[in-house]
Amino acid sequence: MRIGAHVDSTDPLAEATARSADTVQFFLSDPQGWKAPKPREDAERLRAAEVDLYVHAPYVINVATLNNRIRIPSRKLLLGHATAAAAIGAKGLIVHGGHVNAGDDLAVGFDNWRKTFAYAADSGGFGVPVLIENTAGGDNACARRLDALARLWDAIGDHEVGFCLDTCHAYAGGEELLGLVDRVKAITGRIDLVHANNSKGAFNSGQDRHDNLGGGTIDPELVVAVIRAAGAPVVVETPGGVTGQAADIDFLRQQLGTEIPAA
Ligand SMILES: [Zn+2]
């Protein structure tokens with residue numbers, strides 16, 4: 001089982017080595033900004049690396065919204081990131097499920113997701129698996145609770161689309177972790193990546209505040225159980241830099257009985 005961390009994008013392979021990680025996730029541009037990613041000078045080195053790479057799309061992307069001043073640039077930015085992720089040989093591009101504004105019809109939000117995949121197909125395809133991630137907060141989210149996720153998958157499930165399960169977001173979003181993998185797979189048929197995070201916020205608090213696996217409000221054994229059931233690669237998005245994340249990765253390897261990769 002491959003286990004890694006969300007790291008700084010300057011030298012992701014060095015960050016992987018520092019954590020004894022065989023997987024890393026990083027941003028290709030400012031996560032709060034709208035700038036398209038620049039081609040990376042280390043693309044060839046990244047493509048050739050033994051380390052598995054995942055790219056996290058900027059947080060500003062919201063392809064579901066009815067606000068076309070956000071939706072249209074979001075589609076473009078998502079496609080730009082997918083192309084840039086493919087150029088470095090990434091295994092997937094993670095993007096949040098998004099939301100509609102209060103008073104707007106969530107059904108239109110799901111249809112906007114469908115249109116996003118149609119737009120990408122018309123533009124030559126994403127070029128890398130797009131993994132939609134569940135989110136923690138909001139009353140009008142496309143992928144906070146599983147009832148919404150089921151409607152989202154009704155709209156886009158015919159396209160090639162993957163799922164990234166974040167344990168902090170699920171718990172803070174109001175989904176019990178016990179048996180969660182089976183309930184998700186009944187909808188999506190797959191889990192491509194697990195974001196293994198504890199939660200500073202309480203169950204159903206709606207707070208997106210990650211904690212180290214041994215801290216927070218979730219029993220760490222439940223996080224391990226989710227990973228075991230999912231059988232997917234794992235990325236921790238936890239605080240504490242190299243020390244904090246290396247400890248979280250070490251904890252998971254011990255619990256899961258996986259070996260540290262040779263340096
Ligand atoms: Zn996450």
Side-chain angles (χ1 to χ4, degrees), residues 1-28 31 46 49-59 81-82 85 88-97 128-136 143 162-173 177 180-181 184 188 190-199 208-216 218 220 222-256 258 260-261:
M1 179 170 291
R2 299 189 77 102
I3 305 176
H6 183 95
V7 300
D8 184 85
S9 62
T10 309
D11 189 350
L13 298 180
E15 303 289 349
T17 305
R19 293 161 177 78
S20 297
D22 51 24
T23 301
V24 284
Q25 172 186 287
F26 49 97
F27 296 117
L28 291 176
L46 290 173
E50 299 278 322
V51 175
D52 282 353
L53 312 176
Y54 290 87
V55 170
H56 199 301
Y59 299 126
H81 271 75
I88 60 167
K91 298 268 181 203
L93 172 67
I94 295 93
V95 60
H96 286 178
V128 68
V130 170
L131 315 181
I132 298 179
E133 177 178 359
N134 63 314
T135 52
F163 186 69
C164 171
L165 177 62
D166 188 306
T167 54
C168 167
H169 298 177
Y171 185 79
L177 295 191
L180 178 61
V181 167
V184 167
T188 63
R190 56 197 278 182
I191 293 174
D192 299 83
L193 185 69
V194 174
H195 281 171
N197 304 307
N198 212 314
S199 170
D208 184 355
R209 295 172 65 216
H210 298 187
D211 205 344
N212 293 102
L213 297 181
I218 306 174
L222 270 175
V223 176
V224 172
V226 165
I227 294 168
R228 248 199 210 105
V234 180
V235 164
V236 302
E237 301 171 304
T238 51
V242 172
T243 315
Q245 292 186 337
D248 285 333
I249 291 169
D250 200 43
F251 168 78
L252 290 179
R253 285 217 178 94
Q254 281 179 23
Q255 296 292 311
L256 296 160
T258 51
I260 299 168

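Values below: every heavy atom of this structure, side chains too, minus hydrogens, waters and symmetry copies.
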Closest heavy-atom contact between [X] and [Y]?
X      : Y      : result
Ile191 : Ala230 : CG2-CB, 4.1 Å
Asn197 : Val236 : OD1-C, 3.8 Å
Ala18  : Val242 : O-CG1, 3.6 Å
Ala170 : Asn134 : N-ND2, 3.3 Å
Gly97  : Ala143 : CA-CB, 4.1 Å
Ile249 : Ala21  : CD1-CB, 4.0 Å

Original post:
Where do Leu28 and Ile88 land on the side chain to side chain contact (heavy atoms under 4.5 Å, CB included) test, with the steps shown first?
Top reply: CA-CA 10 Å; Leu28 291 176; Ile88 60 167; 4.2 Å; yes

Original post:
Atom CG in Leu165, atom CD1 in Ile227: separation rounded to 0.5 Å?
Top reply: 10.0 Å

Subject >> Spacing of CD1 belonging to Ile3 relative to OG belonging to Ser20, to within rounding of 0.5 Å >> reply: 11.5 Å

**OP:** Output all residues satisfying side chain to side chain donor-acceptor pair (under 3.5 Å) with Thr238, sequence neighbours left out; order by chain, then residue number.
**Re:** Asp248

Subject >> Any residue meeting side chain to side chain donor-acceptor pair (under 3.5 Å) with Gln245, in chain and number order, not counting sequence neighbours >> reply: Arg19

Do [X] and [Y] come within less than 4.5 Å of each other through their side chains, counting heavy atoms only?
X      : Y      : answer
His56  : His195 : yes
Val55  : Val128 : no
Asn198 : Asn212 : no
His81  : Pro58  : yes
Thr10  : Phe26  : no
Arg228 : Leu256 : yes

Could you list the residues that satisfy salt bridge (charged side-chain N to carboxylate O under 4.0 Å, His left out) with [X], not counting sequence neighbours?
X      : value
Asp208 : none
Asp8   : none
Arg190 : Glu160, Asp192

Original post:
Hey, which of Glu237, Glu15, Gln25 is the one that makes side-chain hydrogen bond (donor to acceptor under 3.5 Å, both in side chains) with His6?
Top reply: Gln25

**OP:** Apply the test side chain to side chain contact (heavy atoms under 4.5 Å, CB included) to residues Leu131 and Tyr54: give CA-CA distance (whole Å), side-chain angles for both, the deciding distance (0.1 Å), then the verdict.
**Re:** CA-CA 10 Å; Leu131 315 181; Tyr54 290 87; 4.2 Å; yes

Original post:
Only one of Asp52, Ile94, Val234 clears side chain to side chain contact (heavy atoms under 4.5 Å, CB included) with Leu193; which?
Top reply: Ile94

**OP:** Would you please test His96 and His169 for ring-ring contact (aromatic ring centres under 6.0 Å, His included) and show each step?
**Re:** CA-CA 11 Å; His96 286 178; His169 298 177; 5.8 Å; yes

Subject >> Listed partners of Pro220 passing side chain to side chain contact (heavy atoms under 4.5 Å, CB included), at least two apart >> reply: Phe251

